[in-house]
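What follows is a set of notes on a single structure, which appears directly below.
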Amino acid sequence: MRIRSVYLLTVAALWYTALSAEWTAVQRSVKTPWNLEATPLQIKTDSALGSYDRIWVDMYDKDGSLINGVGVMFSSTMQFFITWCAGSTDQPVQPPVEVEKIWKFTETETAIIITCNNVEVLNYLFSNSSHSDCVPKWGADIVEEIKFTRSDSASDFYRADWTAPQRGVKMPWDLEGTRLQIKTESTLGSDERINVVMHDKDSSSISYVAVQFSSQMQYWIGYCSTSWTDLPVQPPSEVEKIWTITKTKIALIITCNNVEVLNNLFTDGSYSNCATRWGADVVEEIAFGSSDKASDLYIAEWTAVERSVKIPWDLEATSLQIQTDSTLGSDEVIRMKMYDKDSIYISNVGVTFTSPMQYYISPCTSWTDLPVQPPVEVDKIWTITKTETALIITCNNVEVLNYLFTNSSNSNCVPKWGGDVVEQVLFGSSDTASDFYRAAPTTCPAFDVVNSTQISWEAAEPGKSITIICNRKHVLLGGDTEITCKDDYTWSTSVNDLECKPLSKLDR
């Protein structure tokens, strides 16, 4: 399926595009649309203390003009610098000792804040600078693009933390494939509300879902509810809440701070067209409604594919995942073009939905049957991994191709594909299958099991095993008590099926 609504990847459009929560390999000297006041920037490093590697990010306004820059130096005592405000200065708090660090850069209208592995190492007020240009250069909401400079030798990967919603702007979002998480800090009784409008692939409105912060919190599902209705389970009392909206083909599920507060079956709707509107795999875009006063931030896992646009991507460092729902025999095609750091074309790879399915690697092969045919599910997640010697493709965690470049009869295959060469990718204009993309995960995902003693588990590295214990008078259904993170970054049991169910509600 091709997303029919066109989102041009201009700076203006990307201000309103959901930024990926997955890690992306850093590309130096390439501007990236980024409203730093709305979306904190996370950076991953593994530089050693005393290496004198540095993080260095330049900031630009909406017209592409350089405003300022910020950096961190890995000297023996770690230092920071903020152009126009402060030269190289020891950080007030030294970062944790771990070599692998995650830095978060947050900018407000009055300060820049840096944390490292969740420790705040700097909170710099622009008004404290002795330089008269500091406040004019940094104050207000002005940063709209960022660039990792050529002097940056420390930053390996970056990602968005959370993104501020833009009301009334449609965003590509396959809600059946990607849960929506929303942060709020509205208070009970304020009558503020979350309001998310759903659209199909043609941008036609389907329906909406709303949650209201009345004294008893309530919900409304368009074409299903007849009035505001109390949530069956009231949310936790904390003011800061993270809501997760999940849609399946038969139900809408809402959790708040890991507590399930609503599980609404469309067949239970008060109107006959509830199941018609909401059933099946229909939501392809969302928008925060103009009446939404509660949603502060949201986060995305997948990005909608835009054809013929180069995307910074170090394929040797970061595997690429692609979502498709094309059917066998449709002849639709995944087509990826590869470029080097100078934007010079290297080669391309394709997968076609013929029967049987085939692949193509230019200039290494002609169209050839995949050695292993993919699983039969229509909804597929493809992972493309490149090493210096091979191209590996998996589909729904099944390896369907592991192609050694030296096996090609074409003498140009190894020179084109060998080594660490791919720095940009592009979905070709002939690509009719790719719907969404993201960086491949490097951990098994975090998950929740309501009514268990721990409730929430963090993301885990392969090999880690955990034990799930239900509360008293509850029993675990849907999988094993002990589960393990596998080498393909999936859990040994489908964690979405796990449930601690009250013994009183078991069928007798």
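If you're wondering where the values come from, they're calculated on a predicted model, not measured in any experiment. Nothing fancy with the numbering, it's 1 onward along the sequence.
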- Task: Side-chain contact test, heavy atoms from C-beta onward, threshold under 4.5 Å: evaluate it for Leu252 versus Thr246 and give yes or no.
- Result: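 No, every pair of side-chain atoms sits at 4.5 Å or beyond.
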- Name the orientation class of the two ring planes belonging to Trp56 and Phe81 (parallel below 30°, tilted from 30 to 60°, perpendicular beyond 60°). perpendicular
Side chains of residues 336-344: which donor-acceptor pairs under 3.5 Å do they make with residues two or more places apart or in other chains?
{"from": "Asp340", "atom 1": "OD1", "to": "Asp342", "atom 2": "N", "distance (Å)": "2.9"}
{"from": "Asp340", "atom 1": "OD1", "to": "Ser343", "atom 2": "N", "distance (Å)": "3.2"}
{"from": "Asp340", "atom 1": "OD1", "to": "Ile344", "atom 2": "N", "distance (Å)": "2.9"}
{"from": "Ser343", "atom 1": "OG", "to": "Gln424", "atom 2": "OE1", "distance (Å)": "2.9"}
{"from": "Ser343", "atom 1": "OG", "to": "Gln424", "atom 2": "NE2", "distance (Å)": "3.4"}

Surrounding [atom1] of [X] (heavy atoms of other residues, nucleotides or ligands, distance under 6.0 Å), is the total greater than 12?
X      : atom1 : answer
Lys486 : NZ    : yes
Ile250 : CD1   : no
Glu100 : CD    : no

Check: [X]/[Y] side-chain N/O donor and acceptor closer than 3.5 Å:
X      : Y      : result
Lys147 : Tyr60  : yes
Trp103 : Thr115 : no
Trp491 : Thr484 : no
Gln181 : Thr244 : yes

- Message: Does Gln321 form a side-chain contact (heavy atoms from CB on, under 4.5 Å) with Trp382? I'd like the steps, not just the answer.
- Response: CA-CA 5 Å; Gln321 287 196 321; Trp382 303 82; over 6 Å; no
- What do the steps show when you test Phe427 against Tyr437 for ring pair (Phe, Tyr, Trp, His ring centres under 6.0 Å), and what is the final call? CA-CA 10 Å; Phe427 290 90; Tyr437 72 95; 5.5 Å; yes
- Message: When you measure from the side chain of Asp292 to the backbone of Asn195, do you find a donor-acceptor pair of N or O atoms at a distance under 3.5 Å?
- Response: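 It does hold such a pair.
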- Apply the test side-chain contact (heavy atoms from CB on, under 4.5 Å) to residues Ser153 and Phe74: give CA-CA distance (whole Å), side-chain angles for both, the deciding distance (0.1 Å), then the verdict. CA-CA 10 Å; Ser153 50; Phe74 285 76; over 6 Å; no
- Set of ring pair (Phe, Tyr, Trp, His ring centres under 6.0 Å) partners for Phe288, sequence neighbours left out: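 Result, ring pair (Phe, Tyr, Trp, His ring centres under 6.0 Å) vs Phe288: Tyr298.
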